[in-house]
Amino acid sequence: MQHDKLALIADVHGNLPALRAVIGDAKSRGATRWLLLGDYITDFPYPNEVAELLQTLENAVIIRGNKEERYANMRGENPDWLALEQMAPARWNLRELTDANADYLFGLPDTAEFEFGGERVYATHSIREICPLASKVREVNSSRWYRDKMFEKPFSRSEYPAIANAAIDASPTVTAQISALPRGVYAFGHNHIQQHFRRGDTLLVNPGSCGFATDFAIGAPYTMLTAANGEIRVEELRVAYDIDALIDTLKKSTLYVAASIWCETVARTIQTGADLVGHFLHHAQDVGAMLGDTDYPVSDATWRRAWATWVDPTVGNNGTFA
Ligand SMILES: [Fe+2]
């Protein structure tokens with residue numbers, strides 16, 4: 001008997017080779033349906049190709065992420081701060097996207113609900129949009145939390161679920177909020193950490209970032225849900241793709257010309273799996289505070305100063321984490 005299989009994919013961030021690899025792998029495993037969870041563009045030079053590939057998927061539910069929401073607002077308003085160097089990737093993407101692809105991506109819905117395997121699926125880019133527990137769940141599962149824990153005491157992907165579960169259980173507020181949710185499957189992205197956990201009849205699942213993984217593992221993650229015998233089985237998968245070739249293309253692209261500092265942190269992020277874009281952005285804010293520049297995005301002077309003073313925290317470890 002053929003089972004119904006739903007492939008969950010999130011946070012592509014313009015990484016066409018990763019998206020292609022994941023779609024190919026999911027098809028080979030018999031995916032019958034697709035759920036795409038937002039953030040399709042920004043960090044890699046394929047915004048149109050990603051938008052067009054999404055539109056070829058059949059039986060797909062596709063929602064937008066915070067990137068598409070923000071770009072939609074910028075497109076209409078063209079604010080002054082969009083001229084800052086920190087915003088160069090946004091300017092580049094807005095310029096490169098065809099009108100048809102921009103209309104498609106920015107016009108996607110923010111949430112979706114549907115049935116799968118006899119359960120209600122609630123889809124949103126960031127889980128905080130659906131239920132108030134989200135901010136707490138994010139706190140213990142965010143890229144920053146994961147990265148800082150990893151720097152404190154490195155752990156492997158197989159050790160992570162126990163660590164994340166213990167962090168959730170240690171918070172009575174989070175536990176109570178999860179218990180209060182209506183039964184169902186809550187699918188979200190945004191945190192760039194592949195994870196899933198169950199509490200009673202509730203399944204929470206984040207397939208990780210297909211194009212921009214920050215869980216210290218290399219490759220493109222996605223999650224397959226299989227409906228069989230009245231249950232939903234969860235498989236966390238990760239597909240290899242040619243990261244060196246992608247970085248080579250990135251560094252030869254006009255995106256790199258427009259946003260070289262950003263692209264350098266992007267390249268290091270996909271090489272190490274550490275959220276180095278986030279790490280650098282926090283450093284830039286700290287440098288801004290030191291210089292009395294508290295605006296965000298930061299000024300170009302702060303951005304340059306931050307790049308000159310930033311220490312890549314993975315270098316001390318040679319960038320190698322299991
Ligand atoms: Fe994202």
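Ligands are counted one by one from 1 in listed order, and the atoms in each one are counted from 1 as well. All values derive from a computational prediction rather than experimental measurement.
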Fill in: Check: W81 ring centre within less than 6.0 Å of Y296 ring centre
no

Is any NZ, NE, NH1 or NH2 atom of the basic residue among [X] and [Y] found under 4.0 Å from an Asp or Glu carboxylate oxygen of the other?
X    : Y    : value
D4   : R33  : yes
R147 : D215 : no
R304 : D300 : no
R199 : D169 : yes

Worksheet item: Could you state the interatomic distance from CE (M290) to CZ (R305), rounded to the nearest 0.5 Å?
Response: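 The CZ atom of R305 is 6.5 Å from CE of M290, to the nearest 0.5 Å.
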
Practice prompt. Taking 2.8 Å as the upper limit, name the protein N, O or S atoms near the Fe ion (ligand 1).
Written response: D11 OD1, H13 NE2, D39 OD2, H192 NE2

